Amino acid sequence: NATLLNAGSVSTTGALSLGSQGVSVTSGGSFSANSISGNLNVANEVVSLGFENKYVLEDAVLADDVSALTLTSGSPLFDASLDGSDIVLAKKDFADVLQNNSSVAAFLEQNYALQNDAALFKDLKEKTSLAEVQNAVSSLTGQDVLSRFSTEDLLLEKELNFDVSEKMF
């Protein structure tokens, strides 16, 4: 599945349809037309570096009519919206992203604010789905291992019970 990544200027005097598969835009990319429709995804590389709560692609969408334009963020940690001709990416609270893990969400929120561990946050911001972010956080915190302990304990107990039953009866 190929995706067009626009880092330049796309301009037409008529209508511009980005299609249902859409186009991705990154820093320096812009679209100019009378009307723009279709799916426009903001590449996650726009937010991957730094600790900003808001990233702006200035004059990225220059059109009189954007009513049929669907704007999405390539990073599940950010929401994308249009503010005039600017695309604005606003960071979501980690509590909204990690709804079942408030202590880890608070830890991540605090460390993001303190600008700690740029590599960790770069990795999280470059994930392309919420499930990928949640899996990465589970792996980082060891929760993916801890949840398997109970399953392993249960399997071990079943094996012991079976072994004891076989030897006694």
Side-chain angles (χ1 to χ4, degrees), residues 1-10 16-32 35-63 65-148:
N1 227 5
T3 301
L4 174 66
L5 180 60
N6 178 28
S9 179
V10 175
L16 178 62
S17 174
L18 303 176
S20 61
Q21 292 298 316
V23 173
S24 289
V25 64
T26 189
S27 298
S30 68
F31 298 90
S32 177
S35 69
I36 301 175
S37 62
N39 295 326
L40 180 58
N41 179 61
V42 183
N44 56 11
E45 65 191 39
V46 171
V47 300
S48 66
L49 299 175
F51 288 93
E52 303 301 322
N53 289 319
K54 183 168 69 169
Y55 293 85
V56 178
L57 298 178
E58 293 181 358
D59 293 329
V61 178
L62 301 166
D65 179 15
V66 291
S67 60
L69 180 66
T70 303
L71 187 63
T72 57
S73 170
S75 172
L77 297 180
F78 286 79
D79 286 320
S81 63
L82 274 178
D83 182 13
S85 62
D86 298 341
I87 295 175
V88 178
L89 295 161
K91 187 180 91 49
K92 297 177 185 177
D93 289 334
F94 282 102
D96 295 333
V97 175
L98 305 171
Q99 294 177 351
N100 297 328
N101 205 334
S102 60
S103 62
V104 172
F107 171 81
L108 290 172
E109 199 68 56
Q110 180 181 14
N111 280 280
Y112 191 87
L114 294 172
Q115 300 185 6
N116 290 331
D117 203 347
L120 166 67
F121 289 106
K122 180 181 186 297
D123 182 54
L124 291 177
K125 290 189 278 186
E126 288 179 343
K127 301 297 182 199
T128 57
S129 72
L130 189 56
E132 285 182 4
V133 170
Q134 291 168 339
N135 288 341
V137 169
S138 289
S139 179
L140 172 73
T141 60
Q143 291 172 329
D144 60 335
V145 173
L146 293 175
S147 66
R148 290 193 297 246

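Owing to the predicted nature of the structure, the values given are computational and were not obtained by experimental measurement.
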Do [X] and [Y] touch side chain to side chain, with heavy atoms closer than 4.5 Å?
X    : Y    : value
Q21  : N39  : no
T141 : F107 : no
V42  : L57  : yes
T128 : N44  : yes
F121 : N111 : yes
L71  : V61  : no
N53  : Y112 : yes
K92  : L77  : no

Restricting to non-hydrogen atoms, name the atom on [X] and the atom on [Y] that form the minimum distance, rounded to 0.1 Å.
X   : Y   : value
S30 : V25 : N-CG2, 4.4 Å
T26 : A7  : CG2-CB, 3.5 Å
V46 : S27 : CG2-N, 3.8 Å

Kindly determine whether L40 and I87 satisfy side-chain contact (heavy atoms from CB on, under 4.5 Å), including the steps that lead there. CA-CA 10 Å; L40 180 58; I87 295 175; 4.0 Å; yes

Kindly determine whether L89 and S73 satisfy side-chain contact (heavy atoms from CB on, under 4.5 Å), including the steps that lead there. CA-CA 7 Å; L89 295 161; S73 170; 3.8 Å; yes

At what distance, to the nearest 0.5 angstrom, does [atom1] of [X] lie from [atom2] of [Y]?
X    : Y    : atom1 : atom2 : result
N6   : N41  : CG    : CG    : 12.5 Å
L62  : I36  : CG    : CD1   : 7.5 Å
L120 : L108 : CG    : CG    : 6.5 Å
F78  : S48  : CZ    : OG    : 9.5 Å
D93  : Q99  : CG    : CD    : 11.5 Å
E45  : S75  : CD    : OG    : 12.0 Å

Within 6.0 Å of CG in N100, more than 12 heavy atoms from elsewhere: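 Open.
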
Does CD in E132 sit with more than 12 non-hydrogen atoms of other residues, nucleotides or ligands closer than 6.0 Å?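 Result for CD/E132: enclosed.
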
Applying salt bridge (charged side-chain N to carboxylate O under 4.0 Å, His left out), name anything that partners D123, two or more places apart in sequence or on another chain.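 For D123 the salt bridge (charged side-chain N to carboxylate O under 4.0 Å, His left out) partners, ignoring immediate neighbours, are K127.
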
Are the side chain of S139 and the backbone N or O of N135 linked by a donor-acceptor pair below 3.5 Å?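 Absent.
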
Do side-chain atoms of K125 reach the backbone of G50 as a donor and acceptor pair under 3.5 angstrom?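 Present.
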
Begin with the C-alpha distance, continue with both residues' side-chain angles, and end with the deciding distance and a verdict on side-chain contact (heavy atoms from CB on, under 4.5 Å) for T3 and V23. CA-CA 6 Å; T3 301; V23 173; over 6 Å; no

Going through the checks in order, is the side-chain contact (heavy atoms from CB on, under 4.5 Å) test met by F94 and V137? CA-CA 11 Å; F94 282 102; V137 169; over 6 Å; no

